[in-house]
Amino acid sequence: MGFRARVYAVVRQVPEGRVVTYGDVAAAIGSPRAARQVGWALAALSDPTVPWQRVINAQGRISGRGEVGRAVLQEQLLVQEGVGFDDSGRCDLKALRYPLQPPELYGDDAF
DNA sequence: GGCTTGACTAATG
DNA sequence: TCATTAGCCAAGC
């Protein structure tokens, strides 16, 4: 199972209205220092069942690289789910962060 | 196999 | 709070 498949398996655990950071996802798949690769994996994402919008950076902000307009869409999707952002584009990470479990515990054989 | 490229992070000023 | 820096590691050439 590839790195990206594990990233997707973990991200799918995140329920509506909750968020996780790239670092959280990296730690859940066993590579605590691979936050950048998590972002890379999501940039290459083609699976519509993965709630990629719930993955934000450790500062509670949207990482606006990648496709133009993607960041705006991401914030809109999160707001729809009930995630609140302040005037500076930050959300309450402390309250909304979701505790992830390693994909092994969930049976990710679908990959 | 070596090099470059990042949806990152933590530390520092 | 913002800007800069060094470390990180999977992918693609």
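The sequence lines fix the lettering, A, B, ..., with proteins before strands; numbering per chain opens at 1.
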A/Ile62 CD1 - B/dC8 C1' separation (whole Å): 14 Å
Do the non-hydrogen side-chain atoms of A/Arg18 and A/Arg54 ever get within less than 4.5 Å of each other? no
Got A/Gln74 and A/Ile56 here, is their nearest side-chain heavy-atom distance under 4.5 Å? yes
Heavy atoms under 4.0 Å, any strand shown: does A/Ala43 hit a base, just sugar-phosphate, or nothing? base
Report yes or no: do A/Gln53 and A/Glu81 form a side-chain donor-acceptor pair below 3.5 Å? yes
Across the strands shown, which category fits A/Gln74 at heavy-atom distances under 4.0 angstrom: base, sugar-phosphate, nothing? base
For atom CG of A/Asn57 and atom C1' of B/dA7, their distance in whole Å: 9 Å
note: A/Arg54, atom CZ; B/dA7, atom C1'; distance rounded to Å ~ 17 Å
State the dot-bracket string of DNA chain B. Criteria: Watson-Crick or G-U wobble, both atom distances under 3.5 angstrom; notation: ( ) intrastrand, [ ] crossing earlier pairs, | interstrand, . unpaired. .|||||.||||||
Counting the atoms with a prime plus P, OP1 and OP2 as sugar-phosphate, which does A/Thr21 contact under 4.0 Å by heavy atoms, base, sugar-phosphate, or nothing? sugar-phosphate
Output the rounded distance in Å from CD1 (A/Ile29) to P (B/dC8). 15 Å
With a 4.5 Å heavy-atom cut-off, do A/Leu100 and A/Val25 have their side chains touching? yes
Take the protein atom CZ of A/Arg70 and the nucleotide atom P of B/dG6, then report the distance between them rounded to whole Å. 15 Å
Whole-Å distance between B/dC8 P and A/Arg97 CZ? 15 Å
Per-nt protein contacts along nucleotides 7-13 of chain C (heavy atom under 4.0 Å; B base, S backbone sugar-phosphate only, - none) come out as BBBSS--
So A/Arg12 and A/Trp52, side chain to side chain contact (heavy atoms under 4.5 Å, CB included) or not? Walk me through it. CA-CA 8 Å; A/Arg12 269 196 285 260; A/Trp52 57 270; over 6 Å; no
Side chain to side chain contact (heavy atoms under 4.5 Å, CB included) between A/Val19 and A/Val83: does it pass, once the steps are laid out? CA-CA 8 Å; A/Val19 297; A/Val83 176; 4.2 Å; yes
Is any side-chain heavy atom of A/Tyr8 closer than 4.5 Å to a side-chain heavy atom of A/Val10? no
Is it the case that one hydrophobic cluster holds both A/Tyr98 and A/Ile62, taking links as side-chain heavy atoms less than 4.5 Å apart, direct or via other members? no
Any side-chain heavy atom of A/Tyr22 sitting closer than 4.5 Å to one from A/Arg36? no
